[in-house]
Amino acid sequence: MKTNLFSIVTLTFILSGCATVKFYSDKELTKESGVEFYSPKPYLIVERNPAKDVSMKMTIVYLPDFNNPKYAKLSPGFGTSDLKLSLENGIITSYGINSDSKIPETLTAISGLVSGTGTSYKSIAEALSILKDNKDEKEQSGDISSMKEAQDIISLVKTDIEQEKTKTGDHISEIQKSKIKQLNDSIVKIENLLIKRISKDIPAIARIMASSIKLIDEIKTTSTSPNANDFNGRMETRKNEIQVAMNKISPPKKADLATVEVYEIINKSGSTELKRIEMK
Amino acid sequence: MNFKRICVGAKAGALTGFVSSDNGSYFGLSAFHVLSGSNRVIDPFDDKVEVFNMETNRWLQFGTTIDGRYYKGDGTINNFGILDYAYFDMFSTFKDRIKNNLTLINVSQFLYNINKLTLKDRIVFGYSVIDEKEIVGKLSNIFYEGPNNRFDVEIEITSGHTNEGDSGMLWRDEYNQPFLMHIRGNTNNNSTKSYATFLDRIIGHRTFYNYEERLTI
């Protein structure tokens, strides 16, 4: 955007008495021009999760329509005395004239665009509805890369847990053996679900992974013998591996990430459309 | 072998069916955004198509994507909505076995309708490879112009769901003939709408084939 051209937030032109200011579009000051300004164009800013406990915030902002510049020119018939023309970011924010002439209707109309903001769209509910439709139109191929990676890890965990089942020792009680078998069954189940690579299974898979991690803590022995320490170490490793696999399939929820979307509000023949502005 | 789910790298979708070219070669068909993989560029050396054998719970190397088209549509009657399709060549180990088990199937007679707008409210039937369930829908809008995209058809789902991973799914008409390709919509996502493309825009004059469940690989 050309915002750099408007780094001065407010520019006020005061033309008084005989003193005049002329504007030129070239540095040789040969091409006299009017004061360039722009109509305000409405945009909807959608902030998702902008703050804690706030899932969505919507704001209407008005930015200059750089594609359609307009020019104001002072002319003798315009007024005879003081003219104040205030621009903010290229948009007229106020004007005033101390003269005996009537203010042209055109300027009133332009000003109305600013003061009348907020009524050019039908409702926030409608805007939300349009946003929802956009979401539905997204491509729906399943993204399964994280499931593939998690499956590789879980397959190794399964091999290790199967070996653990065959090992015996005084440090492992019958209850622990039973729990190792239970863990093995869970890991097999996780692997089978991951192999299918159905992304909507991810929440269920994550739940089984979480319970498997909990189960490993229960399996660990309290004995301090060297075998027991080795066993606990191996179990801790398996636990970490399952956690890594779980992290793979459970990236931060998109809904939890703060995102900002900008939509252009377009009114066409009485209906309102939102056109998403792609951020580049 | 029950093979309806396919994937290319990280992208999973549904196998629409098979088409043959004039010279008798057979190709698998699905959505472009599935068969082109994550980078959305078709590369026969990179886009390895895998198919899921639901009986053995295994993914098999099936073929490679060879061509496709992604085009937004120009809004005209014969070229209205998004085209989002690609096709893949099968590895030789599958080719003959697939070929011998395909059933030629005529596309929907409705595709020959001069005025497709008359197809509104037609009932269509799909099969979600994710839910492994039938889906029923009604053509709620023909030539639907959405906020961001145009679609040949908007479908109101009346039974079942379309899911993430169902892209490419075949919609059949009430006479069980191939009619549309599912390209957008996840009705598990608080929506009842899905979007599809008329099959004649995708396969042109190619012949459409269905595979038989009797196939064993």
Side-chain angles (χ1 to χ4, degrees), chain A residues 44 46 121 126-152 155 188-204 248-249 251 254-255 261-269 271-278, chain B residues 5-14 30-38 40 50 52-54 56-59 70 81-82 84 128-132 144-151 154 157 161-169 182-195:
Chain A
L44 174 68
V46 180
Y121 59 96
E126 182 190 55
L128 277 171
S129 164
I130 293 169
L131 287 175
K132 183 173 155 296
D133 283 347
N134 288 348
K135 193 168 73 175
D136 294 339
E137 285 182 16
K138 280 185 182 169
E139 291 171 355
Q140 295 294 341
S141 55
D143 192 340
I144 55 171
S145 56
S146 63
M147 299 182 85
K148 279 182 171 178
E149 291 170 13
Q151 184 200 328
D152 290 341
S155 296
V188 169
K189 196 170 179 181
I190 292 167
E191 187 188 41
N192 285 338
L193 285 169
L194 285 172
I195 285 170
K196 288 183 180 173
R197 293 173 201 158
I198 296 176
S199 40
K200 70 186 246 184
D201 286 345
I202 285 176
K248 292 267 183 202
I249 61 167
K254 282 182 183 173
E261 295 157 19
V262 180
Y263 295 82
E264 183 183 342
I265 301 172
I266 303 167
N267 279 289
K268 274 199 300 195
S269 339
S271 66
T272 305
E273 286 181 12
L274 292 182
K275 182 182 175 187
R276 185 166 177 175
I277 308 295
E278 294 297 331
Chain B
R5 294 189 65 214
I6 55 172
C7 77
V8 173
K11 296 289 179 183
S30 186
F32 180 95
H33 70 266
V34 173
L35 288 177
S36 59
S38 297
R40 299 178 69 91
E50 292 177 78
F52 188 63
N53 185 340
M54 297 172 85
T56 60
N57 222 25
R58 285 174 60 212
W59 287 88
Y70 190 92
I82 291 179
D84 180 354
S128 166
V129 294
I130 299 299
D131 289 338
E132 296 179 46
Y144 171 75
E145 183 124 17
N148 295 319
N149 295 303
R150 298 187 187 98
F151 298 99
E154 179 195 61
I157 305 297
H161 289 287
T162 52
N163 297 275
E164 190 179 310
D166 279 330
S167 289
M169 179 187 78
H182 169 72
I183 54 168
R184 298 282 192 285
N186 176 358
T187 60
N188 275 306
N189 203 13
N190 299 323
S191 168
T192 56
K193 301 288 172 52
S194 281
Y195 306 90

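Sequence lines set the chain letters: A, B, ... in the order given, protein chains first and strands last, and positions in each chain run from 1.
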*Please state whether the side chain, the backbone, both or neither of A/Asn192 comes within less than 4.5 Å of a heavy atom of chain B.*
both

_Taking CZ in B/Arg40 as the centre, count heavy atoms belonging to other residues, nucleotides or ligands within less than 6.0 Å. Is the count above 12?_
yes

_Top contributor to chain B interface from A/Lys196, A/Lys148, A/Lys275 [non-hydrogen pairs under 4.5 Å]_ = A/Lys196

*asked:* So which residue, B/Ala14, B/Gly9, B/Ala12, ends up with the most heavy-atom pairs under 4.5 Å with chain A?
replied: B/Ala12

*Just give me the residue among B/Cys7, B/Gly165, B/Ser38 that pairs up with chain A most often, heavy atom to heavy atom, under 4.5 Å.*
B/Gly165

*Contact class of B/Glu50 relative to chain A, heavy atoms under 4.5 angstrom*: side chain

*Against chain A, label B/Asp166 side chain, backbone, both or neither, depending on which of its atoms sit under 4.5 Å from a heavy atom there.*
backbone

*Please name the pair of heavy atoms, one in A/Leu274 and one in B/Asn148, separated by the smallest distance, quoted to 0.1 Å.*
O-OD1, 4.4 Å

*Nearest atoms (heavy-atom pairs only) where B/Ile130 meets A/Ile198*: CG2-CG2, 3.4 Å

*Please assess A/Glu139 against B/Lys11 for the test side chain to side chain contact (heavy atoms under 4.5 Å, CB included), listing each intermediate value before the final yes or no.*
CA-CA 11 Å; A/Glu139 291 171 355; B/Lys11 296 289 179 183; 5.8 Å; no

*Between CH2 on residue B/Trp59 and CD1 on residue A/Ile144, distance to nearest 0.5 Å*: 5.0 Å

_Heavy-atom donor-acceptor pair, B/Arg5 side chain to A/Arg197 backbone, under 3.5 Å_ = yes

